[in-house]
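I am attaching a structure below and will ask some questions about it afterwards.
Remember, it's a predicted structure, so these values are computed and weren't measured experimentally.
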Amino acid sequence: MKEHLFGEFGEFIKSGEGICTKDWTFGITKGKGKLQLLKGKKVMWTAGVQNIDECKMQMGGAFTCKKKNGGGIWALNCGGKDGADMELRNNGKIILQMIKNTEKFKVNKFGSEVGNCDPKIW
């Protein structure tokens, strides 16, 4: 089972929303606005910032997160390829990954980031 945020459609998630599979959720918490990956109710990974209002998979391949005032707070730009997507898988070694980009951003089932694409924090 897989879920995606598609760049070609400019799909986004807002505070309190996310994408999920049977066992995993990737989304923004309501209240503190944290971008997190959860297995059940256990936080396995976090972006390390708060006050996120919206994250969007952009047409040009970047995944950007903004505050309510519209200012950027956290982003991944892993090569800027059109059609890049954020993919959440239910099982396997890699659970969350940005696909179809030249650089790789992945989070494994233990919550560790792997790949050569580092997030940008403002």
To the nearest 0.5 Å, what is the distance between CZ on F110 and NZ on K93?
9.5 Å
Connected to V43, directly or through other members, by ILVMFWY side-chain contacts below 4.5 Å are L38
Answer yes or no: is there a donor N or O on one side and an acceptor on the other, between the side chain of N108 and the main chain of V114, under 3.5 Å?
no
Separation between CG of D85 and CE of M98, rounded to the nearest 0.5 Å
9.0 Å
Between G61 and A84, which heavy-atom pair has the shortest distance, and what is it?
CA-CB, 3.7 Å
For the atom pair NZ (K66) and NZ (K14), what is the distance rounded to the nearest 0.5 Å?
10.0 Å
Could you walk me through whether D82 and E8 pass the side-chain contact (heavy atoms from CB on, under 4.5 Å) check?
CA-CA 7 Å; D82 286 345; E8 68 182 294; over 6 Å; no
I52 versus C65, closest heavy-atom pair with distance:
CG2-CB, 3.9 Å
Sort and list the pairs that fulfil disulfide bond (SG atoms under 2.5 Å apart) and have at least one residue in residues 76-122, not counting sequence neighbours.
C78-C117
Run I95 and V107 through side-chain contact (heavy atoms from CB on, under 4.5 Å) and show every step you take.
CA-CA 6 Å; I95 300 300; V107 179; 5.9 Å; no
In terms of ring plane angle, is the pair W45 and F105 parallel, tilted or perpendicular, where the classes change at 30° and 60°?
perpendicular
Could you tell me which non-hydrogen atom of G27 sits nearest to which non-hydrogen atom of I13, and how far apart they are?
CA-CD1, 3.9 Å
Do the side chains of Q58 and T64 get nearer than 4.5 Å, heavy atoms only?
yes
From CD1 (I19) to CG (L88), nearest 0.5 Å:
5.0 Å
N90 and K22 have their tightest heavy-atom pair at OD1-N, 3.3 Å
Is K81 close to K100 at the side-chain level, that is, under 4.5 Å between some pair of heavy atoms?
no
Tell me if a side-chain donor or acceptor on T29 pairs with a main-chain N or O of K34 at a distance below 3.5 Å.
yes
Between CD of E113 and CG of D118, what distance do you get to the nearest 0.5 Å?
7.5 Å
Please verify the inter-ring angle class for F6 with F9; under 30° counts as parallel, over 60° as perpendicular, anything in between as tilted.
perpendicular
Would a 4.5 Å heavy-atom cut-off, applied to side chains only, mark H4 and I99 as touching?
yes
For a quick test of reading the model, state the closest non-hydrogen atom pair linking N116 to K104 and the distance between them.
OD1-N, 2.7 Å
Would you call E87 and R89 a salt bridge, taking side-chain N to carboxylate O under 4.0 Å as the test?
yes
Heavy-atom closest pair (W122 atom, A75 atom, distance to 0.1 Å) is CH2-CB, 3.6 Å
Determine yes or no for a side-chain-to-main-chain donor-acceptor pair under 3.5 angstrom, with T46 supplying the side chain and L37 the backbone.
no
Treating Ile, Leu, Val, Met, Phe, Trp and Tyr as nodes and any side-chain heavy-atom pair under 4.5 angstrom as an edge, say whether F63 and V49 lie in one connected cluster.
yes
Return the CH2 to CG distance between W24 and L96, rounded to the nearest 0.5 Å.
9.5 Å
Would you say F12 and M59 are hydrophobically clustered, going by side-chain heavy atoms of ILVMFWY under 4.5 Å?
no
